[in-house]
Structure formats: C-alpha cells, structure tokens
Amino acid sequence: MSSNEIPTREVARRVFAQEFNDAGYTFKESDDERAPVYLLLPTGESANRIFLVGTLTEKDDVGEDNEYWRGRIVDPTGTFFVYAGQYQPEAASALRDLEPPAYVAVVGKPRTYETDDGSINVSVRPESITEVDAATRDRWVSETAARTLDRIEAFDDEGNEYALMSRENYDLPVDEYKQASIAALESLEGSDELD
C-alpha cells in the first residue's frame, strides 16, 4: 500500500445464521502477513466482516480472570454466538448492559475454531452491538434474504470465483439457503413484538 492510500474497512456482509454456521473455510487473498482473513460463505461470497440483526436471548460472562461475554443471538434461521472481552470494550459493555430478550444489530468479524472432534465452529467477534427495534430487525431480514437470493442466483455464473471455491470446499446444496430465506421472509408476516 502506498503512503497516500487510506486503508478502507471491508464491507460487512449480511448473512443468516444458518449459512454462517455452515461456513468454516477461511482464506487470505495475499501472502501479506496483515492481509485480511475471509470466511467463505457457502452461497459464494467472501466475508471479512458481517452484519446481523436478531434477538439477544442469552448473555453470560464466561471469563475466568477478566470479563468475557458470550451472547446468543437468534434470527429466523438459527443462532449466532458472539464473544466480546477486553479487546472489544464497547461490545462487551453493550452485552453487559443489555437485558435479554432484546433486538440487537451487530457488526463483527467471523472467527473459526476447531473443536476436539475436528469439526469447525464459527462465532462473531463484535465490533459494535446496538439495541434496535422490531422494524429494524424486519428490514434486516428482508434485505438479508434479498442478498442471499442474489448470491444464489449468481452461484452458477461463469467466473464466479467464490462460488467455485464454495463448490470445492463445501458439499452443501445452495437451495437450502433459498428455502431458509423464503421461510425467514414468511416469518415476518406473523412476527410479534418483544414484550
């Protein structure tokens, strides 16, 4: 990077919990030590950051010596787990102060880790957590469904390198995410406000 280039933040991708939790393959696009690490979404998109909105249903301080908060956030397709500690002070503070159930918007980085049995789990290291209203959550569901369906539509396009990577690394039918997106949209019709 030349001295007059300003580093820019990666776009935060909208993704439903079901697809996020099915992901597990990470990669870098250069050999640079500081190159961003991307999570490959099964629908053929790279994600260095994600944007999610859902219901915070649980929070726990799982730290031993320092505060280390785990939050469980549910969207219409599944559950995201977010972890925030001393290196994410604003997000940790937000988790400490929020009272479940609450609608929250989260921007964060995907993190993968291998379990003892060799499977890969994913979680989110939040940059920010903000309480939002039901209308914001509903708008996120609609927009995330649209983005997911766009990715699925472009999945078989020639030259779609991330879709090709997805086919090589995942044995997952993208049609599942189409069904999940449609079900998420249908869930909005009967959604209730939090009490």
Side-chain angles (χ1 to χ4, degrees), residues 1-2 4-54 56 71 73-84 87-88 90-91 94 103-113 120 122-133 135-170 172 174 177-178 180-181 184-185:
M1 181 175 350
S2 71
N4 57 357
E5 279 186 52
I6 298 170
T8 56
R9 294 192 104 159
E10 296 277 340
V11 171
R13 306 286 183 199
R14 294 167 187 266
V15 61
F16 284 122
Q18 178 182 347
E19 181 177 6
F20 182 76
N21 289 317
D22 285 347
Y25 178 76
T26 57
F27 65 97
K28 289 183 171 190
E29 293 193 324
S30 85
D31 294 330
D32 182 351
E33 187 180 306
R34 295 178 49 142
V37 175
Y38 294 93
L39 179 70
L40 180 65
L41 299 178
T43 55
E45 181 70 80
S46 65
N48 172 260
R49 299 167 73 228
I50 67 164
F51 171 52
L52 66 104
V53 179
L56 176 69
I73 299 170
V74 177
D75 79 4
T77 72
T79 302
F80 292 94
F81 286 96
V82 299
Y83 291 88
Y87 300 112
Q88 303 83 33
E90 289 102 16
Y103 293 127
V104 293
V106 177
V107 173
K109 292 197 173 276
R111 288 289 172 248
T112 58
Y113 59 96
I120 302 289
V122 290
S123 63
V124 180
R125 189 183 75 208
E127 296 168 2
S128 67
I129 300 175
T130 309
E131 189 167 7
V132 296
D133 59 16
T136 301
R137 190 277 319 256
D138 292 353
R139 195 166 41 255
W140 177 85
V141 169
S142 297
E143 291 171 3
T144 302
R147 300 276 171 86
T148 303
L149 294 170
D150 288 348
R151 292 194 301 265
I152 292 167
E153 193 172 303
F155 193 77
D156 292 321
D157 290 357
E158 193 174 319
N160 185 340
E161 63 178 298
Y162 296 126
L164 184 60
M165 283 173 71
S166 178
R167 277 195 279 284
E168 290 169 0
N169 291 286
Y170 301 123
L172 299 166
V174 293
Y177 308 114
K178 182 177 187 178
S181 295
L185 289 170

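Treat the numbers as computed from the prediction; the structure is a model and nothing was measured.
- The closest donor-acceptor contact from the side chain of Gln18 to the backbone of Ala180 lies at 3.5 Å or more, if one exists at all.
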From CA spacing to verdict: side chain to side chain contact (heavy atoms under 4.5 Å, CB included), Leu185, Ser142: CA-CA 6 Å; Leu185 289 170; Ser142 297; 4.1 Å; yes
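- Listed by chain and number, the residues in a side chain to side chain donor-acceptor pair (under 3.5 Å) with Thr77 are Asp75 (sequence neighbours excluded).
- Taking both residues in full, the closest heavy atoms of Gly108 and Val124 are given as CA-CG1, 3.9 Å, listed atom of the first, atom of the second, then distance.
- Here Tyr177 and Phe16 keep their ring centres 6.0 angstrom or further from each other.
- Using cut-offs of 30° and 60° for the angle between ring planes, the Phe51 and Trp140 rings count as perpendicular.
- Between Leu52 and the choices Val106, Val15, Thr144, Val104, the side-chain contact (heavy atoms from CB on, under 4.5 Å) rule is met once, by Val106.
- At a threshold of 4.5 Å between non-hydrogen side-chain atoms, the residues Val82 and Arg125 do not count as touching.
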Criterion side chain to side chain contact (heavy atoms under 4.5 Å, CB included) on Arg137 and Val141, from CA distance to verdict: CA-CA 6 Å; Arg137 190 277 319 256; Val141 169; 3.8 Å; yes
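- In this structure, the side chains of Thr26 and Leu40 stay at 4.5 Å or more apart for every pair of heavy atoms.
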Only distances under 3.5 Å count here; give the side-chain donor-acceptor pairs of residues 161-169 to other protein atoms, sequence neighbours excluded, each with its distance to 0.1 Å.
residue : atom : partner : partner atom : Å
Tyr162  : OH   : Glu29   : OE2          : 2.3
Ser166  : OG   : Pro42   : O            : 2.6
Asn169  : ND2  : Met165  : O            : 2.8

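- Contact record, Thr43 with Phe155: O-CD1, 3.3 Å, taken as the closest heavy-atom pair.
- When all heavy atoms of Phe27 and Ser46 are compared, the pair lying nearest together is CZ-CB, 3.8 Å.
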Stepwise side chain to side chain contact (heavy atoms under 4.5 Å, CB included) test for Tyr103 and Leu56: CA-CA 6 Å; Tyr103 293 127; Leu56 176 69; over 6 Å; no
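- Residues passing the side chain to side chain donor-acceptor pair (under 3.5 Å) test with Asn21: none are found, sequence neighbours excluded.
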CA sep, side-chain torsions, deciding dist, call: Arg14, Glu45, salt bridge (charged side-chain N to carboxylate O under 4.0 Å, His left out): CA-CA 10 Å; Arg14 294 167 187 266; Glu45 181 70 80; over 6 Å; no
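- A distance of 3.5 Å separates OG1 of Thr136 from CG of Asp133, quoted to the nearest 0.5 Å.
- Here Tyr38 pairs with Glu10 under the side chain to side chain donor-acceptor pair (under 3.5 Å) rule; sequence neighbours left out.
- With sequence neighbours excluded, the residues forming a side chain to side chain donor-acceptor pair (under 3.5 Å) with Lys109 are Asn48, listed by chain and number.
- Summarising the geometry, atom CD belonging to Glu19 is positioned 9.0 Å from atom CG belonging to Leu39; distances are rounded to the nearest 0.5 Å.
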Worked verdict on Glu90 versus Ser128 for side chain to side chain donor-acceptor pair (under 3.5 Å): CA-CA 7 Å; Glu90 289 102 16; Ser128 67; over 6 Å; no
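- In this structure, Phe81 and Val122 have side chains that are not in contact, with every pair of non-hydrogen atoms separated by 4.5 Å or more.
- Applying the side-chain contact (heavy atoms from CB on, under 4.5 Å) criterion to Val11, with sequence neighbours excluded, gives Arg13.
- For the pair Asn160 and Gly44, the tightest heavy-atom approach, listed with the atom from each and the gap, is OD1-O, 4.0 Å.
- Heavy-atom contacts from other residues, nucleotides or ligands closer than 6.0 Å to OH of Tyr113 number more than 12.
- Nearest heavy atoms, Ala17 versus Thr79: CB-N, 3.5 Å.
- Smallest separation of non-hydrogen atoms from Lys28 and Val37: CE-CG2, 3.7 Å.
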